[in-house]
Each structure stands twice: as C-alpha cells, then as structure tokens.
Chemist: 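I'd like to ask you about the structure that follows.
Each chain gets a letter, A, B and so on, in the order its sequence line appears, and its residues count up from 1. Note that the coordinates shown come from a computational prediction; the quantities given were computed from them, not determined experimentally.
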There are 2 protein chains.
Amino acid sequence: MEELTERQKLLLSLIVHEHTLTAKPVGSTMLVRQYSLPISSATIRNEMTAMEEMGYLRQPHTSAGRVPTEKGYRFFVSNLLQQPALPTATRNTITHQFYQARQQLDEWFRLAAAVLAKQAQAASIVTAPHSKKVAFKHLELISTRASQVLMVLVLVGGEIRQQIFSLDEIVTQQRLSNLAAELNTLCQNCTLAQLEKLDLSLDDVGNTVMAVIKDQMQLSERLVTGEIYLDGLTNVLAEPEFADTEQALSALSLFEERNKLDDLLSRSFLGNEVGDVQVLIGGEGTWEELRQCSLILSHYGIQDQLTGTLGILGPMRMPYGNAISTVRFVANLLSDLVAENLME
Amino acid sequence: MEELTERQKLLLSLIVHEHTLTAKPVGSTMLVRQYSLPISSATIRNEMTAMEEMGYLRQPHTSAGRVPTEKGYRFFVSNLLQQPALPTATRNTITHQFYQARQQLDEWFRLAAAVLAKQAQAASIVTAPHSKKVAFKHLELISTRASQVLMVLVLVGGEIRQQIFSLDEIVTQQRLSNLAAELNTLCQNCTLAQLEKLDLSLDDVGNTVMAVIKDQMQLSERLVTGEIYLDGLTNVLAEPEFADTEQALSALSLFEERNKLDDLLSRSFLGNEVGDVQVLIGGEGTWEELRQCSLILSHYGIQDQLTGTLGILGPMRMPYGNAISTVRFVANLLSDLVAENLME
DNA sequence: ATTAGCACTCTCTTCTTGAGAGTGCTAATT
DNA sequence: AATTAGCACTCTCAAGAAGAGAGTGCTAAT
C-alpha cells in the first residue's frame, strides 16, 4: 500500500482537527481559509481524492466535504498525534482530589470515573481491580440473630465479599469468632484449589462456613472484572452525533448490560499490558453498537496479579490527544495507589 | 372547587389510558370510536372544555386533542386508578430471582433495580438500606504490608465500610487481631455519641484505630442514603417524549449527580412511611428537570431503623397501575429480606 | 506539479399547499 | 336542560418547490 506524503499527513491532521471542532464535513476552501495554507483549494481537492482512494477519508455524499474514516483516525492516532502531557495544574487538581478521598477504596474508583468523565467530557468506566488468582486473605463471621450469620470475606487484593447464611444450630458470637480466627490462620493466602486440598477436620459449623467461603471464591474466580463504576453517561447525549436517540441508545446500552460490557473488557485484555493505552475506533468491526464511537482503554494495577480497567467512551470524533493523556494519567495514578495500598 | 361528575371521571380515565398508549393528544371523535361510547363526540367536547377549565386537561395547541395535565394525572392516580395486583406468574418469577441471588446483600439491590427497570420499562433506582442511628457492630483489622492496615467496619444494619490507613509503627497481625477483638467487645452496638463518652484507655495504635472508626461512622451518619443502584436508564431514551435528546439529558442528569439525587430522595422521605408508595408527577413544581417525568417511590425496610428507597422514573405518560404495583411489590419484598436478614 | 475557472451536485432552509384531525359554536332535537 | 348534528375554522404534519451555499471534479493554463 502506498505511503502518505508529508503534505497528506498534514492535511489529515488538519481535517481531523477541524472535524473534531465542528462535527461537520471539512471542505477544501474552508481548510485553506481557516489555516491560511500556502496551497490552493484545488490542490487540496486533488490530495483529498487521493486520500479518499486510499481509504483515509470519506464523503458523506457527493459534493460534501470529507470526513476521516476509521482508518484515517487510526492512522492519525498512531502516527500523527502528539500527546501533550496533561497541564501541571490539571494533574495537581486531580491528584489532590484523590488525596482528599481519604483511603476509601470505593471512593477511589468512583472518583476516577468522575475525573475521566469530567476531563474528557465523555462517558467513563472504571472497574475495581480484580485478581485472576483469587486467594483467601481474611474472614469475619458475625452473628446477626438466632442461627443467622453475616460473613465478610476479604480476598487478597482487597476485594470484599459478603454473604448472609443460616446454620443448622444456634451458635454464639464467641464460637464464631474462634472459628474465624482458626480459619484465618489455616487458610491464609490460600487459593481455591489449595483450599480444596486442605484437610481441615472441622465440625459441622466449620464445614458449612467453608462451603460458603469456597462458594464465594468460586464466584469471584468466574468474574472477569471487579465492581464497575460508570459516570458521565449524559455527556454522550450532548454530542451532536447522538442527537438521534437511536444512536445514543445503542451506544449506552452497551454500558448497561453487564455481560456485554464484560465481554468487551475481557477481549480488550488480550495481549495488553498494564499501562498501555488502547484506542478502539468505531467498534473495530466487532461491536456493531460502537460503530459511531471510540473507546480509549487502559489497564492499571500490577500486571498478572491485580488489575482493573478504565477508559472512556465518546464519539469517533473525539479529542484523542486529551483523552489519551487523561486515561494514561489516571491509569498510572490508580496503579500507584494499588501498588502502595493493596499489595503485600 | 367543583367536583367531577361520574361521566367526567370515566372520560378522564379513558383519556389517560388512550394517551399512555399513543403518546398523542386524544380527540373526541377518536374516543367515541375507540371505546364505542354511547354519547356523541359533541358531548365529549363539551365535557372536555369543562374539564379543561377545571384544570384536568390541556390542549397542546388550539384545535388539537386533549392531554391530561399534572393535576389530571394526580386525580387519576388518587381516585380512579384501580391497582391490579401483579399477576401471580410475575410475582413468582421475581421472587424466584431473589431466591437465586443467594444471600449476597449487594446482589439484592442490583437485582431489585433490574427487576424494576425491566418490569416497568423505565429507569429505576434502589438505595441500599441505611440507618439513621449509626452503630458499631463489628471491626476487622487486616495488616496489608509494613505499617499499613485495612480496616473493615461493619455497622448495625449490615453496612460495610472499609478504609486503608497507616500506623506510626509496624504491628503484627496478631496484635491487630487482639485489638480488634477487644474493641469488638467494648464497642458492641455503640453509637458514635456513646463511643465518644467511652473511656477506653488504649495505647497509641488503639487510639489511631478508634479515630479512624469514629471518622467512618461520622461519614456514615452524614449520608442520607446507602449505596445507590441504577438501572434501565436507556429505557427512558426509548420513549417518544425523549426523542429530543435535550429532554432526556435533563431527566437523566438528575440520576447522575449524586447530590441532586440525595436531595430528591431525602425530601421524599418527609412524612412518608415504609410501604407507602408515593407518586411524584411532573416534578411537582419543585424539580424543573422532572417537568416531563413521573417518579414512583417507596421506602422499604424497618421504619425509623433501617430504611432504603426504591422507585422508578418514567415519562409522565406512564402505565401507573403496573408501575405502582411493581414498586409496591418489590418494596415489600426487600422489606421482608431486610427484616429477616439484617435485623437483630 | 499546481492552480484558476466553471459547470454541476447535493444539502439545508424556507415557503407553499393540501390533507387530516380536531375544535367551538349554533341551532335543532330529545 | 341535556344532548347532538352540522359546519366553519384552526392548527399540524407531510410533501413538494425553489433558491442559497458549500463543495466537488474536471479541463486547460501556468
């Protein structure tokens, strides 16, 4: 395939830039005037025709200006985009907010989603970090009433799971506490597989509790992501390309259906390391719902141990520079927080 | 104010019914044909004029059919609506789903939101139950690394709060466990005020931990609601009255801004008991954003002890019968679950 | 290789027009 | 006194027409 000339690259950049501002097709005359180019509109038209044939541009209809195609955007993002670091002031503001969130786990993720949404003026998604290898960390048994017990199970990585269940007999809090203490020692850092092998020789109550623990760990193992935090969904509605509700609906429905979202995120995991920022443009042929959208994703956390995903969803016509910088910055921030606070 | 005649009441019901189906203004001829009424369209026109003067109906423009006003809807809901019990099959399906959710607290609320959204084809909201009187139930201290500690605090009512903090010295898990055990005994069922009075004579570590506990309890006391679960936001987008994105945006933005939502829910608390179903029509003059919407809310849980809110948001033109029945049913279901599982 | 010039195309907005649905009023009917 | 038939009038909505504006593609000249 042919290469783009330097001039064509410049033009592509300008077209992308102009189109992100106006949301309208970009014409040759317009371009010359707007950027005081030293070439004529006719030349630009020639170049545009060439770039259209190569698949970087598209005409919505004959005799309209050009709009970047997915391929055009992808080339732009990969080769032409200079990624400005986020302004220091912005970075400080964000860091400060996290500082203020005290050390509450769930607040971090909520805040991360809020920051992404605000900063990129798009919908944002953050998943709490989740470990592929689920391991027992700490157990708590609390008697609520009669034979009912509230179990709080903390997994390695800080994930908390709770369940209420009934025992066959009425048990004192004291006995529950003793049992919990015993299990905490025995099961420390065990994975589910290791727990299965352990011969604990417990009484009935102990066995019931162990069954519940294993059950919860199994549930956790099946999960692809931790808890999901969304924000800024309404930002998407404000974009002109979603003035037609249909479009908006199809994009947002992806965020509402947990299994679709899981699928999307888990596929985006493949072959990507913590810290890489991925840009999915126009659904990349796989997600019909995202045909009009772009998704900027990054994993954060500790590679292969405890990772989560975060990203933003916006129209394909998106200020990629800012979006990517923001995602990268927040991802690094969360990675640091995870490393400092959730790892042994 | 004048009373509506029986015939006018019938007409109002029919107009509401027809309008919920078509979303269009209802004309007199239409009404006669559709329902084979034994009176002429002229008579209906006369009645309509009368009801318009009384404020129950409204003409979008001269020479269009009539649409119910907020007052019309309110009268309809209060006086004319017969509330069908939910079909047994539906009730069973829902109950069964809750049964399958195992005993995971958070799943209940997520599920409740999903059921409401699905059943009413509207946006739904569920808040986890929250106690006005925050009281200590159980504490857990887990050493993560060096001097860092993960605290898991369970409040009476099942609310779980977590925080990570650092101690001034490095402490063994053993010592943390002992401290936790001690505090669990000392602080059992104490409110924040009671904790303040307690003279515990603890060491440095103990005092640090107590400060964090109090801090968390204070945070919890300030909250109006527990965690918030939303679902079905995209259902709202599908309604014809929100074909214009502007409208949809203003309605949904209410759900995205936590403080607005808190405000809305806390006001709806006033003078309402668990089990009552409230119907807020058209924002009731207070919420500009909801001018086009209706909100069906109910509290659930144990009055004055542990309550949450749930409800649905839809267009003012809403199938109120079904919506109210669904909200009532789910509220009762959750109330039962709370009573059985979260109360002492 | 670039550009000026020009005919042509397509959208968008504004106007017009006619059909359709509905109203309000008056006079006749029950 | 309540109801109804009849009719003129109003307003929206959809479809078509016309003109402005922006943009293109092509040809011929530079």
Chemist: Is there a donor-acceptor pair closer than 3.5 Å between any side-chain N or O of A/Arg317 and the backbone N or O of A/Thr20?
Modeler: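 At least one qualifying donor-acceptor pair exists.
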Chemist: Using only side-chain N and O atoms of A/Arg66, determine if any of them is under 4.0 Å from OP1 or OP2 of D/dT24.
Modeler: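 So the side chain of A/Arg66 is within the cut-off, an N or O lying under 4.0 Å from OP1 or OP2 of D/dT24.
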Chemist: Taking only side-chain nitrogens and oxygens of A/Ser28, does any of them come within less than 4.0 Å of OP1 or OP2 of D/dT24?
Modeler: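 Checking A/Ser28 against D/dT24: at least one side-chain N or O falls below 4.0 Å of OP1 or OP2.
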Chemist: Over 60° means perpendicular and under 30° means parallel, so tell me whether B/Tyr56 and B/Phe75 are parallel, tilted or perpendicular.
Modeler: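 Judged by the thresholds at 30° and 60°, the geometry between B/Tyr56 and B/Phe75 is perpendicular.
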Chemist: Does the side chain of A/Arg7 get closer than 4.0 angstrom to OP1 or OP2 of C/dT2 through an N or O atom?
Modeler: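 Result: yes.
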Chemist: Less than 4.0 angstrom between a side-chain N/O of B/His61 and OP1 or OP2 of D/dC11, yes or no?
Modeler: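 Checking B/His61 against D/dC11: no side-chain N or O falls below 4.0 Å of OP1 or OP2.
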Chemist: Let me know the distance between CD of B/Gln59 and C1' of C/dA21, rounded to the nearest Å.
Modeler: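 So the two atoms are 12 Å apart, to the nearest Å.
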Chemist: Between B/Thr62 and C/dT23, is there a contact of a side-chain N or O with OP1 or OP2 at under 4.0 Å?
Modeler: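 No, B/Thr62 has no side-chain N/O under 4.0 Å of OP1/OP2 on C/dT23.
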Chemist: Is the closest side-chain heavy-atom distance between B/Thr286 and B/Leu264 below 4.5 Å?
Modeler: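 They are not in side-chain contact.
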Chemist: In terms of the nearest nucleotide of DNA chain D, which residue is placed more toward the 5' end: A/Gly65 or B/Pro38?
Modeler: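 Between the two, 5'-proximity favours B/Pro38.
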Chemist: Find the distance A/Glu18:CD to D/dA22:P and express it as a whole number of Å.
Modeler: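 That distance rounds to 14 Å.
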Chemist: Find the distance between CG (A/Leu297) and CZ (A/Arg267) and round it off to the nearest 0.5 Å.
Modeler: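 If I round to the nearest 0.5 Å, the distance is 13.5 Å.
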Chemist: May I ask you to test the B/His299-B/Asp276 pair for a side-chain heavy-atom distance under 4.5 Å?
Modeler: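 Side-chain contact under 4.5 Å: no.
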Chemist: Rounded to whole Å, how long is the line connecting atom CD1 of A/Ile39 with atom P of C/dT3?
Modeler: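 Value for this atom pair: 7 Å.
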Chemist: Checking only heavy atoms, does the side chain of A/Thr43 share a donor-acceptor pair with the base of C/dT2 at less than 3.5 Å?
Modeler: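 Answer is no: no donor-acceptor pair is held.
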Chemist: Compare the minimum distances between each of D/dC7, D/dT4, C/dT3 and the side chain of B/Asn46, then state the nucleotide with the smallest one.
Modeler: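 Closest nucleotide among those given: D/dT4.
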Chemist: Report the base-pairing partner of D/dT27 (Watson-Crick or G-U wobble, both distances below 3.5 angstrom), or none.
Modeler: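 WC or wobble partner is C/dA4.
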Chemist: Using both distances under 3.5 Å as the test, list the Watson-Crick or G-U wobble partner of C/dT16, or none.
Modeler: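 The base-pairing partner of C/dT16, which may sit in any strand shown, is D/dA15.
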Chemist: Taking the side chain as C-beta and beyond, is there a heavy-atom pair between A/Ile324 and A/Val77 under 4.5 Å?
Modeler: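 A side-chain contact under 4.5 Å exists here.
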Chemist: Between the base of D/dT10 and the side chain of B/Ser63, is there a donor and acceptor pair under 3.5 angstrom?
Modeler: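 Yes, a donor-acceptor pair under 3.5 Å.
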Chemist: Rounded to the nearest angstrom, tell me the gap between atom CG in B/Leu37 and atom P in D/dT4.
Modeler: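 About 11 Å, once rounded to whole Å.
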Chemist: Should C/dC10 form a Watson-Crick or G-U wobble pair with both distances under 3.5 Å, which nucleotide is its partner?
Modeler: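 C/dC10 is paired with D/dG21.
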Chemist: Send over the distance from A/Met51 CE to D/dG25 P, rounded to a whole Å.
Modeler: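 Atom CE in A/Met51 sits about 14 Å away from atom P in D/dG25.
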Chemist: Please state how far atom CE in A/Met48 lies from atom C1' in C/dT3, giving the value in whole angstrom units.
Modeler: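 These atoms are roughly 16 Å apart.
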Chemist: Taking any heavy-atom pair under 4.0 Å as a contact, classify A/Arg33: base, sugar-phosphate, or nothing.
Modeler: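 Answer is nothing: A/Arg33 stays at 4.0 Å or more from every strand.
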Chemist: Tell me: CZ of B/Arg58 to C1' of C/dT23, nearest whole Å?
Modeler: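 For the pair B/Arg58 CZ and C/dT23 C1', the rounded distance is 16 Å.
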Chemist: Is B/Ser41 touching bases, backbone alone, or none of the nucleic acid, heavy atoms closer than 4.0 Å?
Modeler: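 Nothing: the residue B/Ser41, judged by heavy atoms under 4.0 Å, touches no strand.
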Chemist: Expressed in angstrom and rounded to an integer, what is the separation of A/Arg45 atom CZ from D/dG25 atom P?
Modeler: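 That distance rounds to 8 Å.
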